Number of protein chains: 2
Amino acid sequence: MEQADINIKPKKMGQIITTAEDLFQRFGFKRITIEEICSKAEVSKMTFYKYFQNKNELIKCIMDNWLGHIVKGLEDVSKMDITFTEKIRILLRLKEETNAKISKEFILEYMNPDNDMRIYFREFYDRAISIFIEFIKTAQFRGEVRKDIKPEFLIAMLNKMIEMAKDEPLVQLYPRAADFSLEINNFFYCGILPLETLDNRNDEKK
Amino acid sequence: MEQADINIKPKKMGQIITTAEDLFQRFGFKRITIEEICSKAEVSKMTFYKYFQNKNELIKCIMDNWLGHIVKGLEDVSKMDITFTEKIRILLRLKEETNAKISKEFILEYMNPDNDMRIYFREFYDRAISIFIEFIKTAQFRGEVRKDIKPEFLIAMLNKMIEMAKDEPLVQLYPRAADFSLEINNFFYCGILPLETLDNRNDEKK
DNA sequence: ATATTTTATACGAATAGTGTATGATTTATA
DNA sequence: TATAAATCATACACTATTCGTATAAAATAT
């Protein structure tokens with residue numbers, strides 16, 4: 001999927017991005033130095049500066065990749081000819097993935113007032129959210145989601161559900177993790193489906 | 001358990017240790033600055049230097065705590081009047097905990113040749129291992145473990161088992177996570193029990 | 001063979017982190 | 001309330017780290 005895009009890029013550039021992405025996600029942007037990225041990516045510093053002006057440009061590049069990934073993911077889901085239940089399941093996974101990226105560490109740095117990247121972070125966050133909202137609006141237009149629900153509310157709901165999925169004692173109630181995620185999924189599905197389609201729901205499930 | 005020791009220490013000192021412990025485990029020693037510890041622990045830098053000469057002394061203090069925790073844990077287990085199956089279960093958890101502490105990040109810094117703390121790290125690692133080995137030797141003396149097994153082999157086995165427990169597709173084979181950990185536990189148990197006690201094993205289980 | 005890419009090393013400049021001094025403020029204790 | 005002890009914010013000189021660039025050698029591709 002994203003593979004194709006990466007392959008067009010020079011090999012070393014790809015190594016830098018992949019390594020940096022991993023390090024940034026684990027330790028946050030601030031803690032990682034260019035030199036650490038280079039040595040882990042097995043690339044010399046000179047090569048780094050050949051492809052990126054500085055660390056911030058690399059960060060922007062990576063965050064743009066993230067956005068692209070979300071956009072593409074949602075576009076693909078939109079096009080897919082599957083039940084909306086399935087779509088929600090994929091959406092959930094995508095949101096969870098995004099959350100992992102915009103994690104504590106990210107938020108922390110984003111909050112820091114004396115960070116040059118602050119404006120860019122805010123922009124990224126807003127765009128990510130608005131992409132999700134756009135997706136939901138489309139679904140509302142198609143009649144897959146009740147029209148009187150605020151998309152922003154759904155986003156908040158998604159986040160809460162992802163939190164729930166991390167609540168160990170809760171998950172333990174289910175014989176296997178998959179059962180729990182199905183439960184969450186179904187709850188979501190039943191709660192947002194337009195009223196007029198309530199009758200066909202059971203048929204659709206089969 | 002360890003609670004008591006902490007309470008004797010001045011309050012702020014405790015805050016420093018707790019915060020630093022958390023940060024070190026998540027990001028490694030090198031990445032964390034004294035100032036970050038202070039601000040997260042809500043302690044001024046002056047207070048930090050009141051209790052610790054420098055970052056290395058804090059690290060030593062924390063690593064000593066870890067050792068103490070292992071020693072106490074194993075001593076407690078030794079004293080407990082429970083089946084050896086149970087003991088192994090607790091031992092496994094303790095080893096897992098220790099592994100989390102001496103994680104990738106730790107090893108990485110420990111490997112770094114130009115690190116002043118290198119000798120201390122090596123020493124810590126050796127002592128931790130030898131404490132486990134001592135525990136196993138005691139168990140062998142008591143006849144709880146087959147005498148012809150090398151303790152070092154058991155340590156290696158424990159590590160492998162902890163790795164296995166993180167192998168998702170494998171864990172998925174079991175209806176619930178607990179079942180898998182029981183399986184591992186029983187396998188270990190059956191494999192190391194002295195031959196002469198093989199007959200009573202089933203009775204002991206009940 | 002030749003052009004391109006990548007590399008190691010070294011370097012000054014900029015930045016960030018350390019550890020200490022000072023005096024004000026808070027908190028505990030009598 | 002008075003007094004001692006802890007904690008604090010701020011500023012500071014000093015050190016270590018990181019940045020970004022210049023150079024020329026080595027590796028790789030064509």
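Note: hydrogens, waters and symmetry copies are ignored here, and every other heavy atom, side chains too, is used. We name chains A, B, ... by the order of the sequence lines, and we start the count at 1 in each one. Because the structure is predicted, anything quoted here is derived from the model rather than measured.
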Euclidean distance, atom NZ of residue A:Lys12 to atom C1' of D:dA27 [Å, nearest integer]
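Spelled out: NZ on A:Lys12 to C1' on D:dA27 is 10 Å.
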Specify the separation, in whole Å, of atom CD1 of B:Ile34 and atom P of D:dA16.
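Whole-Å distance recorded here is 14 Å.
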Under the side-chain hydrogen bond (donor to acceptor under 3.5 Å, both in side chains) test, residues paired with [X] that sit two or more places apart:
X: A:Glu134; answer: none
X: A:Thr47; answer: A:Ser44
X: A:Tyr120; answer: A:Asp64
X: A:Asp81; answer: none

Is A:Ser44 touching bases, backbone alone, or none of the nucleic acid, heavy atoms closer than 4.0 Å?
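Answer is base: heavy atoms of A:Ser44 come under 4.0 Å of a base.
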Quick one: label B:Glu42 by what it contacts on the DNA or RNA (base, sugar-phosphate, nothing), any heavy atom closer than 4.0 Å.
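The residue B:Glu42 makes sugar-phosphate contact but no base contact.
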Qualifying residues under side chain to side chain contact (heavy atoms under 4.5 Å, CB included), relative to [X], sequence neighbours excluded:
X: B:Asn56; result: B:Asn54, B:Ile59, B:Asp116, B:Met117
X: B:Glu75; result: B:Val71
X: A:Leu67; result: A:Phe124, A:Arg127, A:Ala128, A:Ile131
X: A:Val77; result: A:Lys87, A:Ile90, A:Phe135

Describe, as an angle rounded to 10 degrees, how the axis at the first end of the helix from C:dA1-D:dT30 to C:dA30-D:dT1 is tilted relative to the axis at the last end, five pairs per end.
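Rounded value for the end-axis angle: 60°.
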Contact boundaries on DNA chain C for chain B, cut-off under 4.0 Å to non-hydrogen atoms:
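Contacts span C:dG17 to C:dA21, reading 5' to 3'.
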Students often mix this up, so state it plainly: with edges at 30° and 60°, are the rings of A:Phe29 and A:Phe24 parallel, tilted or perpendicular?
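Perpendicular, since the angle between the ring planes exceeds 60°.
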Can you tell whether the side chains of B:Arg31 and A:Glu36 come within less than 4.0 Å, N to carboxylate O?
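So B:Arg31 pairs with A:Glu36 through a salt bridge.
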5' precedence on DNA chain C between B:Lys11 and B:Asn54 (nearest-nucleotide basis)
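Whichever sits nearer the 5' end wins; that is B:Asn54.
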Neighbours of DNA chain C within residues 45-53 of chain B, by heavy-atom distance under 4.0 Å
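Those residues are B:Lys45, B:Met46, B:Tyr49.
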What pairs of residues pass the salt bridge (charged side-chain N to carboxylate O under 4.0 Å, His left out) test when at least one of them lies in residues 42-54 of chain B, not counting sequence neighbours?
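Listed by first then second residue: B:Glu35-B:Lys45.
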